[in-house]
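To start, the structure under review is shown below, and the notes come after it.
No hydrogens, no waters, no symmetry mates; every other heavy atom, side chains included, goes into these values. Bear in mind the structure is a predicted one, so any value in this text is a computation, not a measurement.
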Amino acid sequence: MKKYILVLFLAACGFQPMYTEKDTDIYVAPISGINGIDLRNSLNAKFGGVRGADAKYTLVVTLQEPRTRYKALETTGDATWQEISLSATYTLQADGKQIARGSEKASESYTFVRYLVAANASYNNAVQNTIQVLAEKIGTRVIAETYRYEQKTNDTQNTKK
């Protein structure tokens with residue numbers, strides 16, 4: 001019963017979710033590097049698939065190289081814990097003009113071990129997880145900006161009528 005009251009309340013206040021089965025027509029321009037390819041794939045997945053360059057919106061992302069720093073050292077001076085961080089800047093364009101820009105950062109800690117294969121696997125997993133977080137942050141902001149742009153465009157068209 002409480003669920004129905006909540007639904008009725010939200011419907012009465014004019015609430016409309018941003019993600020309501022709208023097709024996000026966003027072209028994600030190629031991003032350089034292996035990590036850039038993974039980030040682009042994650043963004044395209046978030047936006048509902050790959051779009052052509054003729055899409056309504058164009059997202060251009062510049063991804064910095066991953067940075068690592070030591071988080072924990074043994075008494076011998078060997079590192080046991082590291083942190084990987086990635087940062088990206090982006091611009092969103094629509095109708096030939098920039099409608100949004102920003103930057104996002106994401107990081108994750110991982111165990112650094114002496115065994116080369118395990119150390120590489122730990123590092124690669126941390127990078128992939130960081131890319132997913134970065135894609136989620138950028139994707140959410142971009143969808144919010146496209147929604148806001150659509151609302152502005154619709155309001156402008158309604159006032160002209």
Residue pair Y90 / S103: nearest heavy atoms and the distance that separates them: CE2-N, 3.8 Å

Nearest non-hydrogen partners of L86 and Q64, listed with the distance: CD2-O, 3.7 Å

Side-chain donor or acceptor of T130 paired with backbone N/O of A126 under 3.5 Å: yes

Euclidean distance, Y57 OH relative to D95 CG, rounded to 0.5 Å: 7.5 Å

Test applied, side-chain contact (heavy atoms from CB on, under 4.5 Å); reference residue, L43; option that passes from L134, V50, I26, L59: L59

side-chain contact (heavy atoms from CB on, under 4.5 Å) partners for V127, two or more places apart: N35, I84, Y123, I131

Contact summary for A55 and R51, nearest pair of heavy atoms: CB-CB, 4.1 Å

Nearest heavy atoms of Q128 and D38, plus distance in Å: NE2-OD2, 2.9 Å

Euclidean distance, S85 OG relative to E65 CD, rounded to 0.5 Å: 11.5 Å

Separation of N120 CG from N125 CG (nearest 0.5 Å): 11.0 Å

Joint cluster assignment, I143 & L92, ILVMFWY side-chain distance < 4.5 Å: yes

Shortest non-hydrogen contact between A29 and V60, atoms and distance: CB-CG2, 4.2 Å

Polar contact flag, side-chain donor to acceptor under 3.5 angstrom, N129-Y110: no

Salt bridge (charged side-chain N to carboxylate O under 4.0 Å, His left out) partners for K137, two or more places apart: none

For Y149 against A94, the heavy-atom pair lying closest together: CE2-CB, 3.8 Å

Interatomic spacing from OH in Y115 to OG in S122 - rounded to 0.5 Å: 14.5 Å

Shared hydrophobic cluster, I99 / F47 (ILVMFWY, side-chain heavy atoms < 4.5 Å): yes

Cluster overlap Y147 with Y27, hydrophobic side-chain contacts below 4.5 Å: no

Inter-residue atom distance T24.OG1 - K46.NZ, 0.5 Å rounding: 9.0 Å

From CA spacing to verdict: side chain to side chain donor-acceptor pair (under 3.5 Å), T58, Q93: CA-CA 5 Å; T58 301; Q93 301 169 352; 4.9 Å; no

Sequence-distant partners of R69, side-chain contact (heavy atoms from CB on, under 4.5 Å), two or more places apart: K71, E83

From Q132 atom CD to E108 atom CD, the distance as rounded to the nearest 0.5 Å: 11.0 Å

